[in-house]
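What you see below is based on every heavy atom in this structure, not just the backbone, and it leaves out hydrogens, waters and symmetry mates. All values reported here derive from a predicted model rather than from experimental measurement.
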Amino acid sequence: MKRVLLSVAVCALVATVAVAQTRPVRVPDLIGLGLFGSDAHNGGFYDVHVASPDRARVAVVVQRGNMTRNTVEYALLVFDSTALRRAGNPDTVLLWNAASNDPAISSLQWLADNRTIAFLGARPGDVAQVYTVDVVTRTVTARTRSASGVTSFQIGRLGDPVIYQEQARVDTADYSAMRAHGFVVDNRVYPSDVIGGDWRGVRRAAGVAPGYRIMRGGREAALVFPDSTDGYRDCGVDSYLGPPLSPAGDALMITCSPLAPRPVWAAYRNARYRLFADRYS
């Protein structure tokens with residue numbers, strides 16, 4: 001009799017596991033799925049594996065949706081490089097939530113002391129600012145106080161200077177009337193602009209002529225770049241070609257687009273080079 005009861009119990013357990021394994025994936029399952037990276041859309045490859053200068057630590061950003069709070073939970077994890085081979089547990093340095101499409105923690109940059117991480121952070125109700133966090137003491141320090149928010153930044157290896165790009169301001173004075181009576185969305189405005197509260201795409205358009213500021217030694221000032229009077233259409237700070245700041249923090253590399261292609265570019269015969277010379281210069 002005991003064998004029969006045991007067999008029935010085992011069969012019931014197997015059936016329960018089979019049902020659990022075949023349950024279809026639902027939307028809440030996808031929203032609560034943990035993702036590596038700070039990209040607010042699908043995790044991506046940003047801030048997935050950021051090693052300290054001495055390679056002793058590795059910083060990672062992970063995120064997951066929380067349907068109960070209607071937020072996205074971001075965590076800054078730090079691994080000991082030697083423990084990675086032993087499947088060691090990470091050290092959770094920060095846990096911040098985002099209530100919008102903007103990441104709560106992104107753009108990680110280690111400082112030269114191998115224990116301080118600079119990052120772009122935003123908590124619910126606040127605009128993004130540049131912060132630093134000591135991974136040992138958990139001390140978080142705000143490095144900028146921009147009224148409109150920060151979109152990108154560069155920081156010296158020793159924590160000074162901080163060069164950042166401010167978010168363009170959006171005039172919302174007539175939004176209540178637009179909301180009450182309806183409005184036409186310009187075909188140059190992205191759906192993400194509207195969702196983010198920028199119904200005219202002002203912030204993205206302002207990216208052509210961004211406002212950069214520099215903080216050095218506790219003093220702040222606007223950065224003045226070459227403009228049309230110097231023969232350039234727009235200039236900016238771009239890390240695509242390498243770190244824009246020199247190791248000593250006393251020189252900055254900027255990229256500029258000329259108003260017109262240089263005459264020598266007309267000699268290009270490669271089709272790809274011609275495309276960029278004719279359309280994107």
Trainee: Less than 4.5 Å apart, side chain to side chain, heavy atoms only: is that true for Leu94 and Phe119?
Mentor: yes

Trainee: Go through it in stages, so that I can follow the logic: the residues are Val237 and Leu252, the test is side-chain contact (heavy atoms from CB on, under 4.5 Å), and I'd like the CA-CA distance, side-chain angles, deciding distance and then a yes or no.
Mentor: CA-CA 8 Å; Val237 179; Leu252 176 68; 4.1 Å; yes

Trainee: Looking only at non-hydrogen atoms, find the nearest pair between Cys256 and Tyr232 and report the distance.
Mentor: CB-CD2, 3.4 Å

Trainee: I'd like to know if the side chain of Ser146 reaches the main chain of Glu166, judged simply by a donor and an acceptor atom lying under 3.5 Å from each other, with no hydrogens or angles considered.
Mentor: no

Trainee: When you look at CZ of Arg157, are more than 12 heavy atoms from neighbouring residues, nucleotides or ligands closer to it than 6.0 Å?
Mentor: no

Trainee: Would the distance check show the side chain of Gln109 and the main-chain N or O of Phe153 forming a donor-acceptor pair, the cut-off being under 3.5 Å?
Mentor: yes

Trainee: Nearest 0.5 Å please: distance from the CG atom of Asp80 over to the CG atom of Asn89.
Mentor: 11.5 Å

Trainee: Looking at side-chain heavy atoms only, is the closest gap between Ile155 and Thr132 below 4.5 Å?
Mentor: yes

Trainee: Give, for atom CZ of Phe79 and atom NE2 of His49, the distance between the pair rounded to the nearest 0.5 Å.
Mentor: 9.5 Å

Trainee: Do Trp110 and Val133 share a hydrophobic cluster (ILVMFWY, side-chain heavy atoms under 4.5 Å, transitive)?
Mentor: yes

Trainee: Is Leu158 reachable from Leu111 through a run of hydrophobic residues whose side-chain heavy atoms are each under 4.5 Å from the next?
Mentor: no

Trainee: Keeping Ser106 on the side-chain end and Ser38 on the backbone end, is there a donor-acceptor pair under 3.5 Å?
Mentor: no

Trainee: Please enumerate all residues that pass salt bridge (Lys or Arg N to Asp or Glu O under 4.0 Å) together with Arg143, with sequence neighbours excluded.
Mentor: none

Trainee: Main chain of Leu108, side chain of Asp47: is a donor-acceptor contact present, judged purely on distance under 3.5 Å?
Mentor: yes

Trainee: Give me the atom names and distance for the closest heavy-atom approach of Ser81 to Val58.
Mentor: OG-CG2, 3.7 Å

Trainee: Please name the pair of heavy atoms, one in Ala128 and one in Ala122, separated by the smallest distance, quoted to 0.1 Å.
Mentor: CA-CB, 3.8 Å

Trainee: State, yes or no, whether a side-chain contact exists between Arg213 and Val150 at a heavy-atom distance under 4.5 Å.
Mentor: no

Trainee: Donor-acceptor pairs under 3.5 Å, side chain of residues 68-78 to any protein atom, not counting sequence neighbours: which ones?
Mentor:
from	atom 1	to	atom 2	distance (Å)
Glu73	OE1	Arg64	NH1	3.1
Glu73	OE2	Asn66	ND2	2.6

Trainee: If Ile, Leu, Val, Met, Phe, Trp and Tyr residues are connected whenever their side-chain heavy atoms lie under 4.5 Å apart, and connections chain through other members, are Val27 and Met67 in the same group?
Mentor: yes

Trainee: State, to 0.1 Å, how close Thr151 and Leu120 come at their nearest heavy-atom pair, and which atoms those are.
Mentor: O-CD2, 3.5 Å

Trainee: With the side chain counted from C-beta on, respond yes when Ile117 and Val93 share a heavy-atom pair under 4.5 Å apart, and no when they do not.
Mentor: no

Trainee: For Arg145, I'd like to know if atom CZ has over 12 heavy atoms of other residues, nucleotides or ligands within 6.0 Å.
Mentor: no

Trainee: Can you measure from CD1 (Ile163) to CZ (Arg216) and round to the nearest 0.5 angstrom?
Mentor: 7.5 Å

Trainee: Return the set of residues passing side chain to side chain donor-acceptor pair (under 3.5 Å) with Asp134 (not counting sequence neighbours), or none when no residue passes.
Mentor: Arg115

Trainee: If you compare all heavy atoms of Arg57 against all heavy atoms of Asp54, which two are closest, and at what distance to 0.1 Å?
Mentor: N-OD1, 4.3 Å

Trainee: Counting distance only, does the side-chain N/O of Tyr164 pair as donor-acceptor with the main-chain N or O of Thr144 below 3.5 Å?
Mentor: no

Trainee: With sequence neighbours left out, what residues match Asp238 under salt bridge (Lys or Arg N to Asp or Glu O under 4.0 Å)?
Mentor: none

Trainee: Do you know which two heavy atoms are closest between Tyr131 and Val140, and how far apart they sit?
Mentor: CD2-CG1, 3.8 Å

Trainee: Is Trp96 reaching over with its side chain to a backbone N or O of Ile105, donor-acceptor style, under 3.5 angstrom?
Mentor: no

Trainee: Please say yes or no: joined through hydrophobic side-chain contacts below 4.5 Å, possibly via intermediate residues, are Val136 and Val50 part of one cluster?
Mentor: yes

Trainee: Listed by chain and number, what are the salt bridge (Lys or Arg N to Asp or Glu O under 4.0 Å) partners of Asp186, not counting sequence neighbours?
Mentor: Arg188

Trainee: CD/Gln129 to OG1/Thr141 distance, rounded to the nearest 0.5 angstrom?
Mentor: 13.5 Å

Trainee: Only counting residues at least two apart or in another chain, list the ones meeting side chain to side chain donor-acceptor pair (under 3.5 Å) with Asp126.
Mentor: none

Trainee: Do Ile214 and Val130 belong to the same hydrophobic cluster, where Ile, Leu, Val, Met, Phe, Trp and Tyr are linked whenever their side-chain heavy atoms lie under 4.5 Å apart, directly or via other members?
Mentor: no

